[in-house]
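Below: one structure, written as structure tokens.
Just so we're clear, the structure is a prediction, and the values are computed from it rather than from any experiment. Residue numbers begin at 1 in each chain, while the letters A, B, ... track the order of the sequences. Just the heavy atoms: all of them, side chains too, but no hydrogens, waters or symmetry mates, feed the values below.
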Number of protein chains: 2
Amino acid sequence: MEEGVPLVVPEINGEDAKLHHGLIANPNCSTIITMMALAPIAKLSPIIAVNASTYQAVSGAGMSGISELEDQIEAVRRQEEVVPHIFPAQIAYNCVAEIGSYNDNGYTTEEMKMQNEGRKILHLPDLKVTCTCVRVPVFRSHSISVTFVTKDQVTVEQAEAAIKDFNGDVLCTSHVPTPLETSDQDLVYVGRIRKDLCNDHGLVLWCCGDQIRKGAAANAVEIMEYLLK
Amino acid sequence: MEEGVPLVVPEINGEDAKLHHGLIANPNCSTIITMMALAPIAKLSPIIAVNASTYQAVSGAGMSGISELEDQIEAVRRQEEVVPHIFPAQIAYNCVAEIGSYNDNGYTTEEMKMQNEGRKILHLPDLKVTCTCVRVPVFRSHSISVTFVTKDQVTVEQAEAAIKDFNGDVLCTSHVPTPLETSDQDLVYVGRIRKDLCNDHGLVLWCCGDQIRKGAAANAVEIMEYLLK
């Protein structure tokens with residue numbers, strides 16, 4: 001991507017859309033869902049580090065990803081051989097921890113986007129992110145298991161209140177959000193917020209959002225709406 | 001569980017089986033897979049902290065878990081209503097980040113086992129573990145995305161060599177292990193070993209193992225074999 005092109009999520013860094021004349025980029029789909037969960041907390045305290053494991057839907061690879069899961073489920077039902085085309089291994093009844101190509105550091109391009117794009121979206125140039133991206137047999141909506149460390153201590157109650165008040169997020173306290181229930185809508189659902197047992201300045205959460213809607217198309221429309229305001 | 005009853009994984013702490021007269025416990029299934037990956041590294045340096053996100057197969061809930069996934073996949077195919085019985089939400093084409101009941105700290109019983117049992121198995125009473133347990137639509141074999149911090153720095157090469165030499169583990173360097181390929185056998189497959197980008201003393205890995213075999217039945221047989229040696 002061209003240097004200096006802003007990556008914009010309107011609810012987080014909408015003003016950035018005005019920084020560059022001509023090009024604005026839509027961030028990576030699992031990054032955008034995670035950053036929607038972290039943005040309200042980053043307003044309370046800078047976030048220093050993020051550890052994320054993703055549970056990514058097949059539609060992240062487009063229509064052909066959806067067909068591949070459908071076809072493989074049917075092949076298993078008929079006890080026929082399953083031959084992967086889109087994903088590096090069978091995705092039906094399986095998990096594939098390999099999305100994108102590999103960098104020299106052993107991380108995939110998809111995993112490094114969580115750090116590189118996250119830094120731009122949250123305006124935290126020193127943010128450190130360790131990410132493992134995993135494809136799961138889900139049609140729509142990415143889910144992310146996130147642990148993060150804040151500079152100043154943030155309590156669970158403060159984090160919940162910030163997420164509850166954040167435009168575009170839904171705080172879940174009485175149930176655990178799932179990718180299925182968050183499919184085909186624009187909001188990011190955040191739940192299971194609790195203290196990190198390894199770090200006094202750490203918190204843990206689980207978030208889900210439709211990466212086709214919020215992760216791509218809807219976000220692009222929202223950027224345009226923001227610019228036309 | 002009775003106080004003092006050893007939790008035994010023969011390859012890791014087989015000698016513990018001789019500590020208690022009468023009772024020996026088989027550890028939790030996702031814990032055992034994770035500890036099989038971490039044990040060889042814990043021999044190089046004490047492990048201080050672990051951050052784990054699990055991708056757990058439905059068979060962790062027994063035969064009824066398997067039937068539930070099969071029935072739901074069929075119901076979706078017939079466009080019939082899906083009613084969850086065993087899992088808290090639909091598991092077909094979904095991820096459910098809720099396994100076990102909740103402790104006051106917001107973690108589930110399943111998640112706390114990773115710390116409480118991990119401490120006993122690795123003989124690391126101060127080990128801190130933050131865990132998120134997630135059920136995925138996979139029939140057999142649990143997978144775990146693990147980040148861990150060691151007291152002394154361990155390189156990727158050292159970690160790989162230790163895992164390669166460890167009885168019961170398979171080191172994967174040229175492909176990424178999946179739950180499907182590790183089903184119905186007793187070994188734990190470990191891959192994607194790389195540096196934690198958030199911590200100089202941290203490493204990241206992905207491991208898969210059949211929790212019915214290594215995570216339960218086979219381990220129980222191996223304990224007995226160990227005692228009869």
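- Of the two parts of L180(A), the backbone and the side chain both hold a non-hydrogen atom closer than 4.5 Å to a non-hydrogen atom of chain B.
- Across A49(A), G106(A), A92(A), the residue that shares the most heavy-atom pairs under 4.5 angstrom with chain B is G106(A).
- For A89(A), the part lying near chain B is the side chain, with the backbone staying farther off; criterion is any non-hydrogen pair under 4.5 Å.
- For A37(B), the side-chain contact (heavy atoms from CB on, under 4.5 Å) test picks out V190(B), L205(B), C207(B), with sequence neighbours left out.
- With chain B as the partner, the residue from V129(A), I193(A), V134(A), V156(A) showing the most heavy-atom pairs under 4.5 Å is V134(A).
- Of all the listed residues (G202(B), G191(B), P179(B)), the one sharing the greatest number of non-hydrogen pairs under 4.5 Å with chain A is P179(B).
- Neither the backbone nor the side chain of V149(A) comes within contact range of chain B, judged by heavy atoms closer than 4.5 Å.
- In this structure, chain B has a heavy atom under 4.5 Å from the side chain of L69(A), while its backbone stays farther away.
- Side-chain atoms of P88(B) and V176(A), non-hydrogen and from C-beta on, never get closer than 4.5 Å to each other.
- Only the backbone of V50(A) comes within contact range of chain B, with heavy atoms under 4.5 Å apart.
- Interface remark: C208(A) contributes no atoms to any contact with chain B (heavy atom separation under 4.5 Å).
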To see if you've got the definition right, give the donor-acceptor pairs under 3.5 angstrom between chain A and chain B.
| from | atom 1 | to | atom 2 | distance (Å) |
| --- | --- | --- | --- | --- |
| N51(A) | ND2 | T147(B) | OG1 | 2.9 |
| S53(A) | OG | S145(B) | OG | 2.7 |
| T54(A) | O | Y55(B) | OH | 2.8 |
| Y55(A) | OH | T54(B) | O | 2.8 |
| N94(A) | OD1 | L180(B) | N | 2.9 |
| N94(A) | ND2 | T178(B) | OG1 | 3.4 |
| A97(A) | O | R192(B) | NH1 | 3.2 |
| G106(A) | O | R192(B) | NH2 | 2.8 |
| Y107(A) | OH | K195(B) | O | 2.5 |
| E111(A) | OE1 | R192(B) | NH2 | 2.8 |
| E111(A) | OE2 | R192(B) | NH1 | 2.6 |
| T130(A) | OG1 | D196(B) | OD1 | 2.6 |
| T130(A) | OG1 | L197(B) | N | 2.8 |
| T130(A) | OG1 | C198(B) | N | 3.4 |
| C131(A) | O | R194(B) | NH2 | 2.9 |
| T132(A) | OG1 | R194(B) | NH2 | 2.8 |
| S145(A) | OG | S53(B) | OG | 2.7 |
| T147(A) | OG1 | N51(B) | ND2 | 2.9 |
| T178(A) | OG1 | N94(B) | ND2 | 3.4 |
| L180(A) | N | N94(B) | OD1 | 2.9 |
| R192(A) | NH1 | A97(B) | O | 3.2 |
| R192(A) | NH1 | E111(B) | OE2 | 2.6 |
| R192(A) | NH2 | G106(B) | O | 2.8 |
| R192(A) | NH2 | E111(B) | OE1 | 2.9 |
| R194(A) | NH2 | C131(B) | O | 2.9 |
| R194(A) | NH2 | T132(B) | OG1 | 2.8 |
| K195(A) | O | Y107(B) | OH | 2.5 |
| D196(A) | OD1 | T130(B) | OG1 | 2.6 |
| L197(A) | N | T130(B) | OG1 | 2.8 |
| C198(A) | N | T130(B) | OG1 | 3.4 |

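- When V204(A), V136(A), I73(A), V96(A) are compared by the number of non-hydrogen pairs under 4.5 Å with chain B, I73(A) comes out ahead.
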